[in-house]
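Letters A, B, ... mirror the listed sequences (proteins, then strands); counts begin at 1.
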Amino acid sequence: MIRGRLKAALDALFAQGVEEGLWSSAAAGRYAVELPKHEGMGDFATNFALVVAGADKKKPRDIATLVVERLRGQTELIARCEIAGPGFINITISPEVWRGLVPTILGAGPAFGRSQVGGGRRVMVEFVSANPTGPLSVGHGRQAILGDSIARLLEATGHDVYREYYFNDAGRQMRVLGESTRARYLELLGLPAQFPEDGYQGEYIVDIARALVEEHGDALKDHQEVEPFKAKAQDYIFKDISATLARLGIVFDNYFNEHSLYEDGHIDDVVAILRSKGYVYEKDNAVWFKTTAFGHEQDRVIIKSSGEPTYRLPDIAYHREKFRRDFDWLIDIFGSDHIATVPDVLAGVKALGYDPDKVTVVLHQFVTLTRDGKTVKMSTRKANFVTVDELVDEVGVDAVRFFFMMRKADSQMEFDLTLATRESQDNPVYYVQYAYARLCSILRQATEKGVQADLGHCALLTEPEELGLLKTLSTFPAAVESAALELAPHKIIFALMELAGQWHSYYNKHKVVGDDRVLSAARLSLIEALKVALYNGLTMVGLSAPERM
RNA sequence: GGACGGGUAGCUCAGCUGGAUAGAGCGUUGGCCUCCGAAGCCAAAGGUCGCGGGUUCGAAUCCCGCCUCGUCUACCA
């Protein structure tokens, strides 16, 4: 907010300088206003003089002198400014400006941090998209939280967001699932059963089989078709997945079944269109998509010689359906195992005449699970994985959300189960929530004592910690915006931890509600502003903001 | 072999559209509750930012090469 004002002032100064012939316009838009890393360098620093001097082959300090002279005239915004080092200009903002943020933030309330930069653009976020073969594992958990928090941040910044889950309930995986269920069913009836070699060994299969026994008794024992078993398993697992997602606070607008692409003829349409454009040919009895036309190394099969499509074809058809539903921005959240399919799908999108730049793929790396310092191998089939539900049982929804949001998508992350269970109290989510609860507690006690926040006394906020807190508060809206537009929820987490940390420090050093009622009133207004920011930040990404804990 | 992503403190990770003395949490060590919540604060120790070149006033950040780890590289999804 304040930084924006300063940047605008510099831009005006730059333009004026060009007009007066002080420097050329070569450096336009290349200088930056940043937060200095160290104490004693003012509130902001700009490399203005360095960049302008570099572009014009002049001495940085000469330029800096000119700039400083002019900035010093702007007393309502700037308290001090000086030249430092090779030509940096360090600027100290007038404390009045910082204090002015308190009424601004309180006035904005729930709107503080939120914005309309999205301009109502329609965005689809596709995520999770796990086939219904078993409960969601920790790996899916990362994806679920990542996708949902990206969606929430986009909503907070004025986007019209649609959440979609893409799944496939046909194919070999599902047949094996059905056969596994049948085997368990027969076992429960005490009948001989042959469990598939690569069957799903999870305990949940037994639960499903048990439900079938309760429902049908042994009526299905001679049933040769796998269908009733598969249907039951799929139905059961889907309910389980939805329940897990709901627990995490995740609700989808739509579940898109891959199967519908066949029934509606979209698969055939895609092949026909690609063929008419010359991107498809037959070889070895299979149908190939000419991805080499898009700079790829080799062409890819889209319909096998058996007549069945490969996974690429429905993926492309699915993306075509997304485009046909008229979204402005398509975001795909995928695990890194999908890396290879992304270029094929984008080539397909382009071949069909759609703009691949409207698609952003967020690839997240895998979650490595460790227990007692050792890596745990996971497989849905062997059922030796940890489920999202188990995780939530152990550490709670907020901790799970916070933990997965903390890390940027493209870093492999380690999930230490020993730590998660044994030391869940150390989870940094409590650091932020505690800051909020502590602040609420003070506000409650102030009310009991009859002390109220009073904006009229903000001039008393003179402590460095108070101005520091205001400074950080001023960066909050920009943090939300960049977290949203860069699809990087971890940025909001770091912003929250920064705010919480400064508040904890301030609390330990200064008393908010003390003997001086006027000073107390001023400080209460500051922490009310802080409360607005913490509340908005936490809830914006689906975390709770507990008033007591 | 190729594509993509990692390699930053003992551990887990930020910083990466170039900026001044590289950060946080955990762990370690030492302090702080007769006073608004100690789930907190303060301080200390801890670093060849994988390695080597290059670009420039300036590189953890950009470029090139190399090492290393992960995922992928199917007429499996």
Give the rounded distance in Å between these two atoms: [atom1] of [X] and [atom2] of [N].
| X | N | atom1 | atom2 | answer |
| --- | --- | --- | --- | --- |
| Tyr436(A) | rA39(B) | OH | C1' | 17 Å |
| Asp515(A) | rC36(B) | CG | C1' | 12 Å |
| Arg548(A) | rA39(B) | CZ | P | 16 Å |
| Phe402(A) | rA39(B) | CZ | C1' | 13 Å |
| Ile527(A) | rG40(B) | CD1 | P | 18 Å |
| Arg142(A) | rC13(B) | CZ | C1' | 11 Å |
| Lys511(A) | rU34(B) | NZ | P | 12 Å |

Taking OP1 and OP2 of [N], is either one under 4.0 Å from a side-chain nitrogen or oxygen of [X]?
| X | N | result |
| --- | --- | --- |
| Ser505(A) | rC42(B) | yes |
| Lys408(A) | rG15(B) | yes |
| Arg444(A) | rC36(B) | no |
| Tyr31(A) | rG18(B) | no |
| Tyr434(A) | rA39(B) | yes |

In terms of relative ring orientation, are [X] and [Y] parallel, tilted or perpendicular, with 30° and 60° separating the classes?
| X | Y | value |
| --- | --- | --- |
| Tyr165(A) | Phe167(A) | perpendicular |
| Phe415(A) | Phe403(A) | tilted |
| Phe494(A) | His490(A) | perpendicular |
| Phe127(A) | Phe252(A) | tilted |

_Before you tell me yes or no, could you show the steps for Tyr166(A) and Tyr255(A) under ring pair (Phe, Tyr, Trp, His ring centres under 6.0 Å), namely the whole-Å CA-CA distance, both residues' side-chain angles and the distance that decides it to 0.1 Å?_
CA-CA 6 Å; Tyr166(A) 176 70; Tyr255(A) 285 80; over 10 Å; no

*Could you run through nucleotides 70-77 of chain B and give me one letter per nucleotide, 5' to 3': B if any protein heavy atom sits under 4.0 Å from the base, S if only the sugar-phosphate is that close, - if neither?*
SBS-SBSB

*Using a 4.5 Å cut-off on heavy atoms from C-beta on, say whether the side chain of Phe44(A) contacts that of Arg3(A).*
yes

Does the side chain of [X] pick up a donor-acceptor pair with the side chain of [Y] at under 3.5 Å?
| X | Y | answer |
| --- | --- | --- |
| Gln502(A) | Thr472(A) | yes |
| Asp169(A) | Gln234(A) | yes |
| Thr291(A) | Asp344(A) | no |
| Ser24(A) | Asp56(A) | yes |
| Glu164(A) | Tyr318(A) | yes |
| Asp299(A) | Tyr281(A) | yes |

Extract from the structure each pairing of a protein N or O with an N or O of nucleotides 56-60 of chain B at less than 3.5 Å, listing the distance.
none

*Would you jot down, in residue-number order, the residues of residues 493-502 of chain A having a non-hydrogen atom under 4.0 Å from RNA chain B?*
Phe494(A)

*Using heavy atoms and a sub-4.0 Å distance, could you list which residues of residues 473-492 of chain A are near RNA chain B? By number, please.*
His490(A)

*Verify whether the ring centers belonging to His364(A) and Phe334(A) lie closer than 6.0 Å.*
no

*For the ring pair Trp23(A) and Phe48(A), is the centre-to-centre distance below 6.0 Å?*
yes

Between [N] and [M], how far is it from one [atom1] atom to the other, in whole Å?
| N | M | atom1 | value |
| --- | --- | --- | --- |
| rC11(B) | rU73(B) | P | 32 Å |
| rC33(B) | rC42(B) | P | 15 Å |
| rC16(B) | rG50(B) | C1' | 16 Å |

*Taking only Lys NZ, Arg NE, NH1 and NH2, and the carboxylate oxygens of Asp or Glu, determine whether Arg172(A) and Asp198(A) approach each other closer than 4.0 Å.*
yes

*Can we say Asp62(A) and Lys58(A) salt-bridge, meaning some charged N sits less than 4.0 Å from an Asp/Glu carboxylate O?*
no

Which nucleotide wins on minimum distance to the side chain of [X], given the candidates [options]?
| X | options | value |
| --- | --- | --- |
| Ile442(A) | rG6(B), rC13(B), rC36(B) | rC36(B) |
| Tyr507(A) | rC41(B), rC13(B), rG37(B) | rG37(B) |
| Asp410(A) | rG19(B), rC35(B), rG5(B) | rG5(B) |

Regarding [X], tell me which of base, sugar-phosphate or nothing describes its non-hydrogen contacts under 4.0 Å with the strands shown.
| X | answer |
| --- | --- |
| Met413(A) | sugar-phosphate |
| Asn90(A) | base |
| Ala446(A) | nothing |
| Ala53(A) | nothing |
| Ser441(A) | base |
| Ala435(A) | nothing |
| His510(A) | base |

*How is the base pairing of RNA chain B summarised as a dot-bracket string, given the Watson-Crick and G-U wobble criteria with both distances under 3.5 Å, [ ] for crossing and | for another strand?*
((((((((.[[[[.)...(...]]]].(((((.......))))).....[[[[[..)....]]]]])))))))....

*Is rC33(B) syn or is it anti, if syn means the base angle is within 90 degrees of 0?*
syn

*Which residue lies toward the 5' end of RNA chain B, Ala437(A) or Asn508(A), if each is placed at its nearest nucleotide?*
Ala437(A)

*First encountered from the 5' end of RNA chain B, between Glu34(A) and Glu297(A)*: Glu297(A)

*Should the pair Arg438(A) and Tyr507(A) be classed as cation-pi, given the thresholds of under 6.0 Å to the six-membered ring centre and 45° from the axis?*
yes

_Set of side-chain hydrogen bond (donor to acceptor under 3.5 Å, both in side chains) partners for Asp332(A), sequence neighbours left out_ = His319(A), Lys322(A)

*Using the six-membered ring for Trp and the full ring for Phe, Tyr or His, decide whether Phe88(A) stacks on the six-membered base ring of rA20(B) (centres under 5.5 Å, planes under 30°).*
yes

*In terms of heavy-atom contacts, does CD of Glu282(A) have more than 12 from other residues, nucleotides or ligands at under 6.0 Å?*
yes

